[in-house]
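Scroll down for the structure; my scribbles are underneath it.
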Amino acid sequence: MKNRLEKNYIEPSLNCARKRTKDETEYSKFEFAVEELGIGRGKTYLLKTFGCQANLSDSEKIRGILNALDFTETEEEKEADLILLNTCAVRKTAEDRAFGEIGRIKSLKKTNHNLIIGMCGCMPQEEATINTLKAKHPEIDLIFGTHNINHLPQYLKRIFKNKEKVLEVFSVEGDVVEGMPKVRDHKIKAWVDIMYGCDEFCTYCIVPYTRGKERSRRKEDILNEINALVKAGYKEVTLLGQNVNAYHDGDFGFGDLLEAIAQTKIPRIRFTTSHPRDLDLRTIEVMGKYDNIMPHLHLPVQSGSNAVLKKMNRKYTREIYLEKVTKLREHVPGISLTTDIIVAFPSETEEDYLETLSLVKEADFEGAYTFIFSKREGTPAFKYESNILEEEAKERLYKLNEEINKGFLKGNKRFENKVVKVLVDSFSDKDEDKLSGYTEHNKLVNFNGDESLIGKIVEVKITKAYTWHLKGELKE
Ligand code: SAH
Ligand code: SF4
Ligand code: F3S
């Protein structure tokens, strides 16, 4: 199905986005056109990123493109010639925040008449967003989606040279574009996309519509990227995908990829997100075999009730989930497990909810992102009837968080008086005299040390565990 074409605008259609075909993924290579070069000379931009790691990674590409076109990044809204919001649509609160930002930012146009305001990421992939932007925020000059970041140079040319407005969102399935420049957020830790999109269609989730069909990068491209990162001194990679376990390049699956990456010289490997149904024994075995694959896994369970899991279309049961947890603990002793949980999904009874609480205890999670169900237009659950009151939903979330926080503290406590390896990130946000970094189990540690340690993996003795972090001393 083609996108609708209207007044030079290409608009999203969730209906088109829902379609999946067996068409082969197309692979292409990103290139700038000569006439686009230098468009940003003398101009500044400010990029704000919301949402998950997929957006963080996309923002690194957007920054890469803008810098290559000679734009200069600024932190000052008042100075910026271009303010671009890379948005998230996963819950209503995320969208409200972005609309709030737009409302605020557009007032800057009163004093800076040349300011260009743009929105990209997951929100523009929804018709409802486009309708709201058109009706309430006509001041927006640039709108594009998740499938056409590679067209950004040409959009900027249309805006800055031809003085056009651009609205172009594709709802087609999406290809794989290699070779986009990236300006990375960190000097020692890197996001590496391994697959895009999602074909799971959990009934509550907008992501399969905003990110298109599941498609994997070629293994050579991923390995080349990681080898280049090793050469540049990077210490950690996080492999990214909405369902990394669905990765495949022909018969070469995620376990194979993980093993090939473990055999490079990268000191630390993490990956997110894993779908419990697709997490296979091969992957678990590889995790247990290599020391540079970190002993932490984020494995979203969403609910502990089989009835709710079924309505969510998660395609596993509580029992299957817990079996995988057992296998993980068998192969990776001491592994730290974290999760995502949604409460108050339509039809969730008190008994269903209690099953979630009991699963949290059984699985021994050491942290979780917890959410109240949020209705997303276009998803099946949008139409599900719910008689759970808001107060009740909040109460469920509150009690769940209490349980999760106990697990968080317990997970941290097990490292008291132990020596752990910490990859030093920077000085701590909270206490500028202290360095901070993450352990292999993904625990935040603050300790005294000097600047020269930033970027290194050091041994730290843990002196005290708190719910959200560990305190330690550098081992002499
Ligand atoms: N692909 C990942 C992440 C998806 S979005 C995964 O499958 O785990 C991150 C989390 O947001 C999800 O795990 C889920 O817990 C939550 N989420 C997604 N849609 C939601 C909705 N409509 N309401 C509330 N939480 C939602
Ligand atoms: Fe959403 Fe489910 Fe896909 Fe995760 S696996 S992105 S929750 S549809
Ligand atoms: Fe949000 Fe899009 Fe990620 S909806 S969670 S930014 S894939």
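Order of appearance sets the numbers: ligands from 1, and atoms from 1 within every ligand. When reading the values below, keep in mind they use all heavy atoms of this one structure, side chains included, and skip hydrogens, waters and symmetry mates.
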query = Do any pairs count as a salt bridge (Lys or Arg N to Asp or Glu O under 4.0 Å) and have a residue in residues 202-217, sequence neighbours left out, and if so which ones?
reply = D58-R211, E178-R217, R217-E225
query = Between the side chains of E355 and S358, is a donor N or O closer than 3.5 angstrom to an acceptor N or O?
reply = no
ask   = With a 4.0 Å cut-off, would you call K92 and E377 a salt bridge?
value = no
query = With a 4.0 Å cut-off, would you call E95 and R376 a salt bridge?
reply = yes
request  = For the residue pair F201 and Y209, categorise the inter-ring angle as parallel (less than 30°), tilted (30 to 60°) or perpendicular (more than 60°).
outcome  = perpendicular
Ligand 2: protein residues within heavy-atom distance under 4.0 Å = C198, E200, F201, C202, Y204, C205, V207, P208, Q242, H275, R314
query = Would N148 and Y155 count as having a side-chain donor-acceptor pair, cut-off 3.5 Å?
reply = yes
Option among H298, E366, R414 that satisfies the side-chain hydrogen bond (donor to acceptor under 3.5 Å, both in side chains) test with S336 = E366
message = One thing to verify: whether E200 and R314 come together as a salt bridge, which I'm taking to mean a side-chain N less than 4.0 angstrom from a carboxylate O.
response = no
inquiry  = Between E101 and R97, does any NZ, NE, NH1 or NH2 come within less than 4.0 Å of an OD or OE carboxylate oxygen?
reply    = no
note = Atoms of type N, O or S from the protein that sit nearer than 2.8 Å to atom 1 (Fe) of ligand 3 number exactly 1
inquiry  = Taking the basic N atoms (NZ, or NE/NH1/NH2) and the acidic carboxylate oxygens, is any pair closer than 4.0 Å for E403 and K406?
reply    = yes
Contacting atoms of ligand 3, where contact means under 4.0 angstrom from a heavy atom of Q242 = 7 (S)
query = Are F271 and F254 close enough that their ring centers fall under 6.0 Å?
reply = yes
request  = Identify whether the distance between the nearest side-chain nitrogen and carboxylate oxygen of E285 and R282 falls below 4.0 Å.
outcome  = no
key: F30 and H151 aromatic centres sub-6.0 Å   = no
query = Do K311 and Y384 meet the cation-pi criteria used here (NZ or CZ under 6.0 Å from the six-membered ring centre, within 45° of the axis)?
reply = yes
Which pairs of nitrogen or oxygen atoms, taken one from ligand 1 and one from the protein, are under 3.5 angstrom apart?
unit_1   : atom_1 : unit_2 : atom_2 : d
ligand 1 : 1 (N)  : Q242   : O      : 2.8
ligand 1 : 1 (N)  : Q242   : OE1    : 2.8
ligand 1 : 11 (O) : R91    : NH1    : 2.9
ligand 1 : 13 (O) : Q302   : NE2    : 2.8
ligand 1 : 13 (O) : D340   : OD2    : 2.6
ligand 1 : 15 (O) : Q302   : OE1    : 2.7
ligand 1 : 17 (N) : R91    : NH1    : 3.4
ligand 1 : 22 (N) : Y204   : O      : 3.0
ligand 1 : 22 (N) : S374   : O      : 2.8
ligand 1 : 23 (N) : S374   : N      : 2.9
ligand 1 : 25 (N) : R91    : NH1    : 3.4

query = Any heavy atom of M123 sitting closer than 4.0 Å to ligand 3?
reply = no
